[in-house]
Number of protein chains: 2
Amino acid sequence: MTNQSKMKVYQEVLNQIRQFIEEQELKDGDRLPSERELSEQLNASRASIREALRAIELLGLIETRHGEGTFLRTYKPYHSVELLSTFVLREVKTKGELLEVKFLLEQVCLNQLFADEQWDYSQVEDILFESNDIHTDLFLRLFEAYGNRLLLKIWHLVTGFVETVDPKEVNQVQYEELLKLISQRQYNQALDHHASLYEKQCS
Amino acid sequence: MTNQSKMKVYQEVLNQIRQFIEEQELKDGDRLPSERELSEQLNASRASIREALRAIELLGLIETRHGEGTFLRTYKPYHSVELLSTFVLREVKTKGELLEVKFLLEQVCLNQLFADEQWDYSQVEDILFESNDIHTDLFLRLFEAYGNRLLLKIWHLVTGFVETVDPKEVNQVQYEELLKLISQRQYNQALDHHASLYEKQCS
DNA sequence: ATTTCGAAAATGGTCTGACCACTAATCGAA
DNA sequence: TTCGATTAGTGGTCAGACCATTTTCGAAAT
């Protein structure tokens with residue numbers, strides 16, 4: 001490494017990798033150079049390269065496949081998120097906080113959609129009742145409909161965390177009701193109904 | 001390692017370390033066993049131990065001091081912000097998206113506080129006008145007052161992102177106005193005022 | 001010419017042992 | 001007792017080896 005400062009090698013590697021990704025405009029699913037290639041190109045030992053890669057992996061930014069390579073990761077909930085959560089939960093202890101944030105994010109999404117006259121509810125209406133996880137799939141669509149990808153990403157992340165600590169039990173009927181309220185544009189009642197879905201758990 | 005499943009060694013090590021921390025009831029500032037000790041105790045190579053430690057370090061959960069050891073430290077969400085941002089921003093193309101999320105999070109915080117009859121505004125009122133970054137410090141306090149640490153962390157994360165792309169210019173006077181509205185419990189106007197702070201930029 | 005299958009190459013996963021750099025504890029001399 | 005140098009302990013880094021898995025590719029069979 002051109003270890004100019006006293007920064008650790010693996011930190012430098014981290015920066016180099018980030019830079020590489022930006023320059024090459026790599027996207028999710030694209031493959032990174034092999035560990036041995038990176039080792040040569042960045043002039044660092046393979047051990048240091050791996051330390052950097054393991055760190056980014058735990059953050060959920062890359063995915064490594066034995067015998068294949070290292071790939072920028074398409075987001076998959078509960079992969080390494082589980083490990084992450086066991087540590088972070090040391091701080092954010094209460095399950096309630098997690099659920100509350102998830103709830104609030106969803107509420108924001110609903111509020112924003114309801115405030116939009118142009119919103120086409122039909123995007124959500126169809127198919128939905130073949131899902132194994134109605135809640136997640138429903139809000140996945142709602143967040144997509146709203147269109148803010150960062151908000152979606154944050155919600156997705158939080159949802160991933162929640163699933164590691166909270167085996168949920170969904171009641172299909174309640175979501176039929178929620179959808180009905182939305183389709184009838186009874187937005188206030190829909191918001192109340194959404195809140196009621198969380199009331200039991202958040203305490 | 002008792003590598004029963006196909007889980008990677010460094011992930012097992014991660015779990016073991018977490019378990020160790022819980023069992024020993026280690027607190028912030030306490031020292032972890034040395035890498036060589038962990039290597040023996042967990043029956044894994046030092047390289048694998050280090051991969052695990054580097055990962056937790058990047059998360060900001062531990063701190064390593066050359067020649068001294070590895071220590072637990074208070075979780076600092078900003079630690080990996082810079083790295084994370086460059087990855088997340090790959091997908092978040094528009095600055096507007098970023099600002100919108102920041103705004104929405106703050107709005108949620110205000111709404112929740114305003115809805116709380118018990119909320120003691122005086123926690124926020126004081127000192128504030130000596131700050132270099134009024135907006136950040138104000139909402140830092142507001143989020144702290146609300147008390148959901150996860151929400152605070154997310155907001156902090158997003159705020160960190162924003163600062164990497166948006167050199168802000170704050171107008172002190174506007175925040176005096178905002179605080180006045182809050183202290184007078186003119187909540188709707190306060191919300192409008194908060195929104196107006198973003199209107200120019202979000203487009 | 002096409003298909004099939006196995007060897008070889010590429011890649012990640014892990015370990016060992018070495019050496020350096022820094023820190024703190026130790027011990028001996030003033 | 002005090003001060004300073006030695007020493008032991010610890011993280012930082014490296015080189016090289018071997019294994020497990022996946023892909024590649026060419027030779028053999030069809």
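Since we're looking at a predicted model, the values are computed, not measured. Chain identifiers are assigned alphabetically (A, B, ...) following the order of the sequence lines, protein sequences preceding nucleic acid strands; residue numbering begins at 1 within each chain. All values below come from the heavy atoms of this structure, side chains included, with hydrogens, waters and symmetry mates left out.
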Report yes if some heavy atom in the side chain of [X] is under 4.5 Å from a heavy atom in the side chain of [Y]; otherwise report no.
| X | Y | answer |
| --- | --- | --- |
| B/R149 | A/E97 | yes |
| A/L105 | A/F143 | yes |
| B/D116 | B/Q112 | no |
| B/L58 | A/L14 | yes |

[X] and [Y] ion-paired at < 4.0 Å:
| X | Y | result |
| --- | --- | --- |
| B/K102 | B/E106 | yes |
| B/E176 | B/K180 | no |
| B/E57 | B/R54 | yes |

Whole-Å gap separating [atom2] ([N]) and [atom1] ([X]):
| X | N | atom1 | atom2 | value |
| --- | --- | --- | --- | --- |
| B/K8 | D/dC19 | NZ | C1' | 16 Å |
| B/Y10 | C/dG13 | OH | C1' | 12 Å |
| A/E12 | D/dG12 | CD | C1' | 14 Å |
| A/E63 | D/dT22 | CD | P | 13 Å |
| A/E57 | C/dT11 | CD | C1' | 14 Å |
| A/E40 | D/dG16 | CD | C1' | 14 Å |
| B/R54 | C/dT14 | CZ | C1' | 17 Å |
| A/L42 | D/dT13 | CG | C1' | 15 Å |

Please state whether the phosphate of [N], meaning OP1 or OP2, lies under 4.0 angstrom from any side-chain nitrogen or oxygen of [X].
| X | N | value |
| --- | --- | --- |
| A/R46 | C/dT14 | no |
| B/R50 | D/dG12 | yes |
| A/S48 | D/dC14 | yes |
| B/T64 | D/dG12 | yes |

- prompt: Considering only heavy atoms, which members of residues 30-39 of chain A lie under 4.0 Å from some atom of DNA chain C?
  reply: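 Heavy-atom cutoff 4.0 Å gives A/R31, A/S34, A/E35, A/R36, A/E37.
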query: Taking all atoms of both residues into account, what is the closest heavy-atom pair of B/L178 and B/A190, and its distance?
result: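 Heavy atoms of B/L178 and B/A190 come nearest at CD1-O, 3.5 Å.
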Where do N or O atoms of nucleotides 22-27 of chain C meet protein N or O atoms at under 3.5 Å, pair by pair?
none

message: Test your reading of the model: is there a side-chain donor-acceptor pair from B/T159 to the backbone of B/W155, 3.5 Å cut-off?
response: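 The answer is yes, because a donor-acceptor pair under 3.5 Å joins these two groups.
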- request: Measure from the side chain of B/T70, starting at C-beta and using heavy atoms only, and say which of D/dC14, D/dG11, C/dG12 lies closest.
  value: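 Nearest nucleotide to the side chain: D/dG11.
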